Amino acid sequence: MSDISVGRQRIDSSKRTWLIASGCAGAVGGVATAIPFVSTFQPSEKAKAAGAPVEVDIGGLQPGEKMTVEWRGKPVWILKRTPAQIAQLPKLDGQLADPQSKRNPDEFTPEYARNENRSIKPEVLVVVGICTHLGCSPTDKFQAGPQPSLPDDWEGGFLCPCHGSTFDLAGRVFKNKPAPDNLPVPPHMYLSDTRLLIGEDKKA
């Protein structure tokens, strides 16, 4: 084989290697640009912090269970109440500071939640889990009966450990407690029987 033929083979081989490498780099670049493009369809962290709605699947939530999601940097509690818990709510009205959610309704209770259950569906409570006193986060005290820092006739609810404010399972504050208002109900709506949108409702 002549020196010229050998030289051509080396050049062709080099070209082939360069073309393959360029093609691979282009493919990787294409994938790299596609990922940010697809991600633009999802709310950014900045948008979430500014109050972008949050979609939640509650299909797996069982009666008596609670889940927490974040909206506007705040914890939002979603509690699926049992029939017994729902039945107990009207019996507590006399012990509550604002049983009908009439205090500052525009700030704390949307019109569709101004009822005994403070909810769209009786079994599902949606509230911001921040005490209206000094912004602490109450703890779950769903078990009924005497317990430390709770009355002997406790029927279940939430206790703020900071200054002792107590709330029932509709997020309504009991009388003579530091918290001035019920737990806030955020704007929300049902997209389906099992999907909630927190941060937006039909009127928004």
Side-chain angles (χ1 to χ4, degrees), residues 54 56-188 190 193-194 196 198-199:
V54 177
V56 187
D57 184 357
I58 61 170
L61 201 61
Q62 299 300 311
E65 290 182 348
K66 186 193 85 172
M67 64 187 296
T68 303
V69 298
E70 184 179 351
W71 172 68
R72 290 188 172 180
K74 300 174 183 178
V76 173
W77 296 340
I78 303 169
L79 170 66
K80 189 166 187 179
R81 294 174 288 210
T82 66
Q85 289 171 335
I86 296 169
Q88 189 62 33
L89 293 176
K91 301 174 184 178
L92 300 173
D93 284 6
Q95 304 176 44
L96 303 168
D98 183 21
Q100 304 303 319
S101 301
K102 293 181 178 179
R103 293 185 188 171
N104 305 311
D106 293 337
E107 184 179 356
F108 293 101
T109 313
E111 187 174 351
Y112 46 80
R114 293 174 200 167
N115 51 54
E116 196 78 56
N117 307 307
R118 297 189 79 224
S119 60
I120 298 173
K121 294 184 177 184
E123 70 274 18
V124 181
L125 174 69
V126 181
V127 291
V128 176
I130 295 179
C131 181
T132 54
H133 180 218
L134 294 177
C136 301
S137 187
T139 57
D140 301 346
K141 295 293 181 181
F142 298 160
Q143 183 180 343
Q147 298 166 60
S149 303
L150 293 170
D152 290 345
D153 60 351
W154 180 249
E155 293 294 342
F158 307 97
L159 167 68
C160 184
C162 298
H163 298 94
S165 293
T166 48
F167 303 85
D168 74 350
L169 290 172
R172 301 177 297 177
V173 67
F174 282 84
K175 290 179 179 178
N176 304 314
K177 299 295 181 181
D181 293 291
N182 297 334
L183 297 177
V185 175
H188 66 282
Y190 284 87
D193 287 342
T194 60
L196 266 174
I198 310 294

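Nothing here was measured: the structure is a model prediction, and the numbers come from that model.
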Heavy-atom pair of closest approach, residues Thr82 and Gly64: CG2-N, 3.7 Å
Would a 4.5 Å heavy-atom cut-off, applied to side chains only, mark Val185 and Pro110 as touching? yes
With a 4.5 Å heavy-atom cut-off, do Val56 and His188 have their side chains touching? no
Please check if the side chain of Ser165 supplies one atom and the backbone of Ala179 the other of a donor-acceptor pair under 3.5 Å. yes
Taking Arg118 for its side chain and Leu183 for its backbone only, find out whether a donor-acceptor pair lies under 3.5 Å. yes
Considering only heavy atoms from C-beta outward, does the side chain of Val173 approach that of Thr132 to under 4.5 Å? no
What pair of heavy atoms forms the shortest contact from Trp71 to Pro187, and how long is it? CH2-CD, 3.8 Å
Does a salt bridge link Lys175 with Asp168, judged by any charged N lying under 4.0 Å from a carboxylate O? no
Rounded to the nearest 0.5 Å, what's the gap from CG on Asn176 to CD on Gln95? Could you check? 11.0 Å
Measure the acute angle between the ring planes of Phe174 and Trp154, then classify it against the limits of 30° and 60° as parallel, tilted or perpendicular. tilted
Looking at CG of Leu159 and OG1 of Thr166, how far apart are the two atoms once the value is rounded to the nearest 0.5 Å? 7.0 Å
Asp98 side chain to Arg103 main-chain N or O, any donor-acceptor pair under 3.5 Å? yes
Using a strict cut-off of less than 4.0 Å between a Lys/Arg side-chain nitrogen and an Asp/Glu carboxylate oxygen, indicate whether Asp193 and Lys121 qualify as a salt bridge. yes
Rounded to the nearest 0.5 Å, what separates atom CG in Leu169 from atom CG in Leu92? 8.5 Å
Are the side chains of Glu111 and Arg114 in touch, meaning some heavy atoms are under 4.5 Å apart? yes
Search all heavy atoms of Glu65 against all heavy atoms of Leu79 and return the closest pair with its distance. O-CD1, 3.4 Å
May I ask you to decide if Gly129's main-chain N or O and Ser137's side chain share a donor-acceptor pair within less than 3.5 Å? yes
How about Cys136 and Cys131, are their SG atoms within less than 2.5 Å of each other? no
Taking all atoms of both residues into account, what is the closest heavy-atom pair of Ala97 and Pro99, and its distance? C-CD, 3.7 Å
Do Val126 and Ser119 come close enough that some side-chain heavy atom pair is under 4.5 Å? no
Which atom names give the shortest non-hydrogen contact between Pro138 and Phe167, and what distance separates them? CG-CE1, 4.2 Å
Looking at Arg81 and Ile86, would you say the former's side chain and the latter's main chain have a donor-acceptor pair under 3.5 Å? no
Do Asn117 and Leu125 come close enough that some side-chain heavy atom pair is under 4.5 Å? no
Nearest 0.5 Å, please: how far is NZ in Lys66 from CZ in Phe158? 6.0 Å
More than 12 non-hydrogen atoms from neighbouring residues, nucleotides or ligands closer than 6.0 Å to CG on Asp153, yes or no? yes
How long is the span from the CZ atom in Arg172 to the CG atom in Leu96, to the nearest 0.5 Å? 5.0 Å
Please report the interatomic distance CG(Asp181) to CZ(Phe108), rounded to the nearest 0.5 Å. 4.0 Å
Heavy-atom distance under 4.5 Å between the side chains of Ile58 and Tyr190, does that happen here? yes
